[in-house]
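One structure is given below, encoded as structure tokens.
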Amino acid sequence: MVMSIAEQLRSHFEQRLRAADLVRWPFPHLVLTGVFPDEWYERLLDASPFEVDGGVRYGDPSWTERLSFRHYYDHRFHHDLHPARRSLTDPLWETVGDVFSDPLWLGRLLFERFPEFFEFRFGDIDAIEAHEPGGFWGRLQTQTFLQRHEPGFQLDAHTDIPSRVATCVFNLPREAGDEDAGTQLLVPNDPRWRCSGNSHYPLDGFRVVGTVPYAPNTGVVFFKTRHSWHGVGPHASSARGGRVGMQVQLYEPERGAVTDLSAPDLVVNRQLRPVSGRARFGRRVRRVARRVVRRGR
């Protein structure tokens, strides 16, 4: 029986994930090679939407101006691959988005590689599922997107937002030669530092203890912890052809995948400062001004 493209993608990724060594320091992660089947990798690059459309700027001031930390999102651009939000029309990328946006498949697959970390964070998942089928895995959510970084982009030290369960970063360069532009694994100079994920911190407070090579068809998958410090150095966005990749995020819903009786807002993202009445008015004025400028072009 011939497998569909989606089935082939799933089978291939499952094999690559299971073949990778679990590294526990400085936080639990897997470094992958051959993320996509070799015969499809060039096809995916040739069909990259960035070849014809620069993407949506991630640094939309309607929310980035409220961030409580310095950011470089004005130099980061996205194409959403999630079936509910995508605008891409390439059949192969649509299939990739369908596969990796499935939280039931992805969640259970990652659980195979990080079982003790899932259990430490959530407890007895099997008991939840026995009590209510889909009561845990069915509540997880995903974000799946392509990203491109322009010169000037960097990502300061962070551990990912509190609701994040695991993160997959796949590198999509066309050729080798920019390996040092990959995701940096960090350790704080003060070994006591931990973060639930609600801020970013200057890189000079950390030392780089490893770099996932920005090499063709490679990636890193890691479980979010309070010490999963990582970042992107300021030189990385100068990689030839732009720093292009795909990211898949597995996360809990806003009020969590389990019922926390003591503090049900533990996983709420608190990176954004509250909006005052004056700030809301200023944002409306800027939105109107941008519309006027666009209409006048």
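Computed from a prediction, not measured in an experiment: that's the story for all the values here.
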| ring-ring contact (aromatic ring centres under 6.0 Å, His included) between His79 and Phe50: does it pass, once the steps are laid out? | CA-CA 8 Å; His79 279 288; Phe50 293 120; 4.9 Å; yes
| task | Can you sort out the partners of Glu132 under side chain to side chain donor-acceptor pair (under 3.5 Å), two or more places apart, ordered by chain and number? | result | none
| Arg226, CZ: over 12 other non-hydrogen atoms inside 6.0 angstrom | no
How far does [atom1] of [X] sit from [atom2] of [Y], to the nearest 0.5 angstrom?
X	Y	atom1	atom2	value
Ser196	Leu266	OG	CG	9.0 Å
Tyr72	Phe153	OH	CZ	10.0 Å
Phe27	Trp229	CZ	CH2	11.0 Å

Apply side chain to side chain contact (heavy atoms under 4.5 Å, CB included) to [X] and list each qualifying residue two or more places apart in sequence or on a separate chain.
X	result
Leu272	Trp63, Arg66, Leu67
Leu45	Tyr41, Glu42, Leu172, Arg174
Asp124	Asp126, Ala127
Thr211	Gln184, Val208

| remark: Checking Lys224, Arg164, Arg121 against Glu252 for salt bridge (Lys or Arg N to Asp or Glu O under 4.0 Å), the one that qualifies is Arg121
| Looking at residues at least two apart in the chain, or sitting in another chain, which of them share a ring-ring contact (aromatic ring centres under 6.0 Å, His included) with His158? | His200, His230
| request: Return the set of residues passing ring-ring contact (aromatic ring centres under 6.0 Å, His included) with Phe170 (not counting sequence neighbours), or none when no residue passes. | output: Phe13, Phe100
Which pairs, with at least one residue in [range] and sequence neighbours excluded, count as a salt bridge (Lys or Arg N to Asp or Glu O under 4.0 Å)?
range	answer
residues 67-84	Asp80-Arg85
residues 144-153	Arg148-Glu150
residues 196-207	none

| Can you name the residues that form a salt bridge (charged side-chain N to carboxylate O under 4.0 Å, His left out) with Glu51, not counting sequence neighbours? | none
| Can you name the residues that form a salt bridge (charged side-chain N to carboxylate O under 4.0 Å, His left out) with Arg57, not counting sequence neighbours? | none
| task | Give me the ring orientation class for Trp93 and Phe36: parallel if the planes are under 30° apart, tilted from 30 to 60°, perpendicular past 60°. | result | perpendicular
| Mind checking whether Phe118 and Phe122 have parallel, tilted or perpendicular rings, split at 30° and 60°? | tilted
